[in-house]
Amino acid sequence: QVQLVESGGGLVQAGGSLRLACAASKATFSRYAMGWFRRGPGKEREFVAAISRSGGSTYYADSVKGRFTISRDNSKNTVYLQMNSLKPEDTAVYSCAADFRNSAYSASTIPLNYDYWGQGTQVTVSS
């Protein structure tokens, strides 16, 4: 069992930045591909970004490409999501997830492929 705890959410004006962090409880963190997903008000959960075990491969939704950056620090059991040039449509609850079944060099964009989820952190972008 892996416990994931997100932090860093909050209220920001459009054009601003936030950095989300997701801390994992397991020392075997480096064996998990990690993903960030979000659910906006009245919307379905959607993929945001994912990163492979070593961090060598990253994936982004088209809507955030060029604005968001996913990274990880395996020595700290933490994955990050740097969000720049935020827009009101980025308003959502952001959750991190861990996938231990993925291959070592890739990460999934599909929520069903993830085994463990955090509770989420609210990001609100005002116009």
Side-chain angles (χ1 to χ4, degrees):
Q1 190 80 8
V2 177
Q3 293 180 332
L4 304 173
V5 179
E6 301 96 338
S7 61
L11 173 64
V12 64
Q13 287 190 328
S17 299
L18 283 174
R19 188 194 196 201
L20 305 183
C22 170
S25 61
K26 283 280 191 179
T28 53
F29 176 73
S30 62
R31 298 181 187 176
Y32 296 84
M34 298 296 296
W36 283 98
F37 296 82
R38 68 186 182 186
R39 189 191 299 269
K43 297 181 180 179
E44 298 289 321
R45 175 182 285 166
E46 64 174 349
F47 166 73
V48 177
I51 189 166
S52 62
R53 297 179 190 180
S54 67
S57 298
T58 56
Y59 307 83
Y60 297 94
D62 288 344
S63 59
V64 307
K65 203 170 293 184
R67 300 188 298 123
F68 290 11
T69 302
I70 188 171
S71 62
R72 67 189 296 162
D73 186 340
N74 286 345
S75 68
K76 296 182 179 180
N77 292 355
T78 302
V79 62
Y80 304 96
L81 185 68
Q82 177 67 44
M83 305 186 295
N84 299 328
S85 302
L86 282 161
K87 305 175 181 179
E89 51 263 44
D90 294 318
T91 294
V93 175
Y94 285 71
S95 299
C96 65
D99 170 13
F100 70 88
R101 292 172 290 173
N102 208 288
S103 70
Y105 305 105
S106 65
S108 176
T109 64
I110 302 172
L112 285 176
N113 288 345
Y114 285 79
D115 306 288
Y116 303 106
W117 290 81
Q119 292 295 314
T121 185
Q122 176 70 46
V123 172
T124 303
V125 184
S126 63
S127 57

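This chain uses plain numbering: 1 for the first residue, then up along the sequence. What you are looking at is a predicted structure, and each value in this text was computed from that prediction instead of being measured.
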What residues, two or more places apart in sequence or in another chain, satisfy side chain to side chain donor-acceptor pair (under 3.5 Å) together with [X]?
| X | value |
| --- | --- |
| Asp99 | Asn102 |
| Ser25 | none |
| Tyr32 | none |

Ring pair (Phe, Tyr, Trp, His ring centres under 6.0 Å) partners of residues 39-82, not counting sequence neighbours, each pair once:
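Pairs touching residues 39-82 that pass the test: Phe37-Phe47.
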
Can you pull the disulfide bond (SG atoms under 2.5 Å apart) pairs that have at least one residue in residues 12-122, sequence neighbours excluded?
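Residue pairs passing disulfide bond (SG atoms under 2.5 Å apart), neighbours aside: Cys22-Cys96.
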
Cation-pi geometry met for Arg45 and Trp117 (6.0 Å, 45°):
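Verdict for Trp117: a cation-pi partner in Arg45.
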
Checking the side chain of [X] only, and the main-chain atoms of [Y] only, is there a donor and an acceptor separated by less than 3.5 Å?
| X | Y | result |
| --- | --- | --- |
| Thr78 | Lys76 | yes |
| Arg67 | Ser85 | yes |
| Asn74 | Arg53 | yes |

Do the side chains of [Y] and [X] get nearer than 4.5 Å, heavy atoms only?
| X | Y | answer |
| --- | --- | --- |
| Tyr116 | Gln3 | no |
| Arg38 | Lys43 | no |
| Met83 | Val123 | yes |

At what distance, to the nearest 0.5 angstrom, does [atom1] of [X] lie from [atom2] of [Y]?
| X | Y | atom1 | atom2 | result |
| --- | --- | --- | --- | --- |
| Ser57 | Ile51 | OG | CD1 | 8.5 Å |
| Thr121 | Leu81 | OG1 | CG | 11.0 Å |
| Leu20 | Ser95 | CG | OG | 10.0 Å |
| Thr124 | Asp90 | OG1 | CG | 11.0 Å |
| Gln13 | Ser127 | CD | OG | 9.5 Å |

Single-linkage hydrophobic cluster [X]~[Y], side-chain heavy atoms < 4.5 angstrom:
| X | Y | value |
| --- | --- | --- |
| Val79 | Val2 | yes |
| Trp36 | Phe100 | yes |
| Val12 | Val64 | yes |

Can you name the nearest heavy-atom pair linking [X] to [Y], along with the distance?
| X | Y | answer |
| --- | --- | --- |
| Tyr114 | Ala50 | OH-CB, 3.6 Å |
| Leu112 | Arg101 | O-NH2, 4.1 Å |
| Arg72 | Phe29 | NH2-O, 3.0 Å |
| Ser17 | Asn84 | OG-OD1, 2.9 Å |

Does any donor atom in the side chain of Thr91 or Glu89 lie under 3.5 Å from an acceptor atom in the other side chain?
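There is no such pair (donor and acceptor under 3.5 Å, judged by atom type) between the side chains of Thr91 and Glu89.
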
Under 3.5 Å side-chain donor-acceptor pair for Ser108 and Asn113:
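Yes - a donor-acceptor pair under 3.5 Å links their side chains.
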
Do other residues, nucleotides or ligands put more than 12 heavy atoms under 6.0 Å from Arg31 CZ?
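Not more than 12 within 6.0 Å, no.
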
Does CD in Gln119 sit with more than 12 non-hydrogen atoms of other residues, nucleotides or ligands closer than 6.0 Å?
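Check fails, neighbour count at 12 or below.
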
Looking at residues at least two apart in the chain, or sitting in another chain, which of them share a side-chain contact (heavy atoms from CB on, under 4.5 Å) with Ser54?
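side-chain contact (heavy atoms from CB on, under 4.5 Å) check on Ser54 returns Ser52.
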
